Every structure is written in structure tokens, then in C-alpha cells.
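Worksheet: one structure, shown below.
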Amino acid sequence: MTLNAPITDTPPAAEVERPTAQAISNFYEGMRPFWHPVLREADLSERKIVRVELLGVGIALARLNGEVRALRDLCRHFQAQLSLGEIIDLDGKDLVMCPYHGWSYGGDGQCERIPQLVAGRKIPPSAKVDSYRVTTRYGLIWVCLAEQPHFDIPDYPEWLDNSYRTVTMVEDEVTRTSSTRMIMGTLDDTHFPWVHEGILGTRDDPSPPEHKVWREGQYLVLQYEAEQPPNIATTDMSADGAAAQEKVKLVYTDYVGMPNVIRLVKDSVAGRYVVWLATCPNAYNRTTNFWAFSRNYDMQPDRDHAYEEFSAHVRSQDRPILESQRPWLIPPFWSQVELPLGPADKPLMEFQKWLEELGIVTQI
Ligand code: FES
Ligand code: FE
């Protein structure tokens with residue numbers, strides 16, 4: 001397919017159903033030089049190795065001498081999974097030991113112990129597995145598969161601010177979509193009256209707001225005014241007369257930390273409510289979502305469960321729609337596959353254009 005091809009009524013079937021091997025490879029390559037969240041810090045206990053998958057690559061995570069390390073989950077000897085092994089202590093140094101023949105690796109991936117090595121022989125330098133950049137932030141472990149990340153981990157100031165209460169949501173199951181579609185679906189506001197009727201919008205007023213969209217450093221920023229039904233994400237429901245309001249005026253400012261994190265900031269008279277989503281692209285069609293929700297009103301801890309339930313309900317409304325979208329990956333901007341509508345879809349078009357510039361969506 002070529003750019004500027006005429007729009008046809010029927011997109012090519014194969015492209016709609018599944019991406020080609022080339023499109024998948026473009027997606028993986030394009031996404032490599034970014035930080036991706038892979039696991040909650042709390043889910044990596046001492047002396048435990050956890051396997052995660054990022055961009056189709058299996059990674060063994062472990063705390064070695066107190067530091068989180070990320071190794072390719074594939075032993076250099078006969079390719080067993082290191083994550084099935086255990087952490088051993090060799091002269092005070094923690095190593096990840098393969099379960100098959102006991103080869104053991106340090107945090108830099110170098111093999112430092114081969115039990116079968118004949119006396120007098122040295123461990124060959126090629127006995128090494130890939131190790132990856134890893135760090136922790138916002139309660140999560142983040143990995144970058146490239147030598148140098150293109151951007152820093154996006155900011156989430158409310159997480160660090162004591163004047164906010166934050167609840168988190170961990171989904172048990174992966175979502176059957178790409179992480180870029182997850183971000184696009186969270187940035188999309190014109191679906192509110194349809195998918196979240198009575199919660200984030202009403203169908204008697206489906207007209208799109210006036211979007212202001214711009215780039216700011218590593219962020220795509222979207223701002224608009226909206227009116228939504230009163231609920232805990234727009235209103236302090238404990239305030240007098242809160243529930244009796246018909247609509248609540250608010251301003252949305254959305255920050256997409258390109259290409260895989262989004263922070264929706266909702267400002268209303270109640271205060272600020274923030275939806276934060278960091279996506280882990282396990283594969284081109286499987287995504288793990290890490291959510292957090294911050295508020296600076298209705299601050300009692302025993303109110304947290306109401307916010308957790310509200311968020312889980314909204315999420316359950318979105319999931320089947322997102323999982324139904326094909327192709328799994330976002331197609332190149334202005335391809336024949338989709339029909340974005342200006343100006344309503346401008347934020348999505350801008351996100352898509354930037355993805356294309358980053359090489360995450362490429363013409364094949
Ligand atoms: Fe890992 Fe043999 S496969 S030690
Ligand atoms: Fe939604």
C-alpha cells in the first residue's frame with residue numbers, strides 16, 4: 001500500500017486481520033529504545049526469579065545483592081529458561097543459576113560458574129547472556145531493551161505528592177491488543193458517550209470538544225473542556241448537593257509520554273482526578289496494563305475501594321472494544337485501513353503521526 005492511496009470502501013482483508021511479519025518486526029524495533037514497565041516491584045521478592053515478556057523477548061528479573069537486574073531468559077549453554085532456576089551465593093555475589101546444568105550468571109549477564117568446567121580451564125567470555133537496562137519508579141520495574149533510551153520515564157507528579165491519594169489497579173490478564181492501541185483508546189475522548197454512557201458522557205450530547213493538541217518535549221499534550229455526569233471522578237460526592245448536579249464542567253489535560261504511557265488530568269471544582277496508565281507491550285498483540293488513579297479530594301482511605309470499583313467498571317467497558325480492533329497494530333497514518341475524522345479525531349491522528357515518526361508504525 002502506498003501513502004496517499006485513494007480511500008476505498010473495503011480495506012484489504014489480510015491487512016485488517018493481522019499484521020505482516022515485517023509490521024511486527026517494525027513495531028518491536030521501533031519500541032525498543034523506550035522504558036517499558038514490566039512488573040510491580042512488590043511482585044519481585046528476594047531470592048525469586050520472575051519471567052516477564054517484553055516485545056517478544058523473555059526476560060528473567062531478579063534482585064542480585066539488593067539490585068534489580070534483567071537478563072535474557074535463555075541460558076547460553078542449551079537455552080533453558082533461567083527463570084526456572086534459582087539465585088545462588090558465590091563468595092558473597094548473587095548469581096542466577098540455570099536449572100539445567102547449573103551455569104550461573106551475574107547481573108551483567110557474564111557466566112561466572114560452570115560446574116562441569118575441567119580444572120585449569122577458564123570460563124569463555126562468550127558464555128554470556130544479554131542483560132538490559134532496568135530501573136524502578138512509581139512502584140514498577142521498568143526495562144529498556146536498547147542501549148540508550150530515547151526518552152526518560154514520563155513524569156507522574158501526583159504519585160509523589162502527599163496531598164493526593166492514589167490507588168492502583170493490576171489486571172490479572174493481559175489485554176489482547178497492542179500497547180499503542182491501549183494508549184490510543186485511552187486518549188480517545190469521543191467514545192465516552194458511547195462506551196461509558198452516563199459515566200463519562202451522555203448520548204444527547206455527542207459533539208466533540210474543541211481539542212488543543214501540541215507537542216511538549218517527550219509528551220503529546222491534549223487539552224479540552226468537557227461536561228460529564230456527576231460521579232466520584234468529577235465530584236466530591238460527600239459535598240452537599242453534589243449528586244443533584246446535572247453535569248459537571250471540567251478541563252482535561254492529557255499527557256501521552258510517547259509512546260507507551262498516558263496521564264489524564266481532570267480538573268473540576270472538586271479538585272483534580274488523575275488516570276495514569278503505563279503499558280507493557282509483551283508482544284504485538286498482548287499488553288499488560290499498570291493503572292493508577294490519584295485524587296486530591298474525598299481523601300479518606302476507606303473511600304479507596306469506591307475508586308477501585310469505579311475504575312474497574314470503566315475498564316471493563318473498554319476492554320472488549322479494544323480487543324476487537326484489527327489489525328492488532330495501529331496502521332500507518334492515513335492508510336486505507338481506517339478512516340479518521342477531522343477535527344474530532346485530531347488527537348488520535350497526531351499520536352499516530354508521531355508513532356510513525358518514531359518508526360513504530362511504518363509503511364511496508
Ligand atoms: Fe543452562 Fe545447560 S542449559 S546450564
Ligand atoms: Fe474508555
Side-chain angles (χ1 to χ4, degrees), residues 49 51 58-60 62 71-88 90 95-106 109-118 121 123-124 126-131 169 171 175-177 179-203 206 208-209 222 224 226 228-229 231-234 250 252 254 256 262-266 273-277 279 287 289 291 293 307 309-325 344-345 347-348 351:
I49 309 172
R51 177 184 167 86
I59 298 171
L71 300 179
R72 180 96 194 265
D73 193 15
L74 196 67
C75 181
R76 186 73 174 83
H77 184 213
F78 282 129
Q79 294 75 54
Q81 284 185 9
L82 299 177
S83 55
L84 297 174
E86 57 193 270
I87 298 172
I88 60 158
L90 184 70
L95 303 176
V96 170
M97 185 180 78
C98 177
Y100 202 0
H101 312 91
W103 289 31
S104 303
Y105 301 86
Q110 184 61 52
C111 183
E112 302 199 16
R113 177 176 176 256
I114 297 182
Q116 301 80 15
L117 203 65
V118 180
R121 271 191 68 189
I123 293 175
S126 56
K128 192 170 197 260
V129 296
D130 287 342
S131 67
M169 181 165 75
E171 295 178 358
T175 302
R176 305 285 307 186
T177 189
S179 73
T180 40
R181 279 216 185 269
M182 268 311 300
I183 296 297
M184 202 181 205
T186 311
L187 178 65
D188 181 334
D189 59 283
T190 59
H191 78 283
F192 289 169
W194 309 99
V195 180
H196 311 294
E197 194 188 13
I199 299 176
L200 300 179
T202 53
R203 290 188 188 183
L222 164 64
Y224 59 94
Q228 292 187 343
N231 56 54
I232 59 173
T234 55
L250 53 133
Y252 267 86
D254 301 347
V256 180
I262 185 166
R263 176 170 148 257
L264 310 182
V265 178
K266 295 170 71 165
Y273 184 79
V274 178
V275 175
W276 184 80
L277 166 65
T279 61
T287 301
N289 298 308
W291 297 89
F293 308 89
Y307 289 85
E309 279 168 21
F310 178 88
S311 307
H313 179 60
V314 171
R315 174 68 185 119
S316 72
Q317 293 177 318
D318 280 320
R319 183 192 271 260
I321 307 289
L322 285 162
E323 292 189 327
S324 78
Q325 288 180 285
D345 295 328
L348 311 186
F351 174 61

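Keep in mind it's a predicted model, so treat the numbers as computed, not measured. In each ligand, atom 1 is the first atom listed, and ligand 1 is the first ligand listed. In this chain, residues are counted from 1 in sequence order.
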(message) More than 12 heavy atoms of other residues, nucleotides or ligands under 6.0 Å from OH of Tyr100: yes or no?
(response) no
(message) For the Fe ion (ligand 2), which protein N/O/S atoms fall under 2.8 Å? Skip waters.
(response) His191 NE2, His196 NE2, Asp318 OD1, Asp318 OD2
(message) Atom CZ of residue position Arg121 - does it have more than 12 heavy atoms of other residues, nucleotides or ligands inside 6.0 Å?
(response) no
(request) List nothing but the number: protein N/O/S atoms under 2.8 Å from atom 1 (Fe) of ligand 1. (result) 2
(message) Does any part of the side chain of Ile59, heavy atoms only, come nearer than 4.5 Å to the side chain of Arg72, both counted from C-beta?
(response) no
(request) Indicate the ring-plane relationship of Phe78 and His101, choosing parallel, tilted or perpendicular according to the 30° and 60° boundaries. (result) perpendicular
(message) Test of understanding: with ring-ring contact (aromatic ring centres under 6.0 Å, His included), list the residues that count as partners of Tyr224, not counting sequence neighbours.
(response) His211, Tyr252
(message) Looking at Arg203 and Glu197, is there a salt bridge between them, counting it only when a charged N and a carboxylate O are closer than 4.0 Å?
(response) yes
(request) Please say which of Leu187, Thr279, Ile262 ends up in a side-chain contact (heavy atoms from CB on, under 4.5 Å) with Met182. (result) Thr279
(request) Tell me, please, which residues at least two apart from Trp103 pass ring-ring contact (aromatic ring centres under 6.0 Å, His included). (result) His77
(message) Within the 4.5 Å heavy-atom criterion, are Arg76 and Tyr105 side-chain neighbours or not?
(response) yes
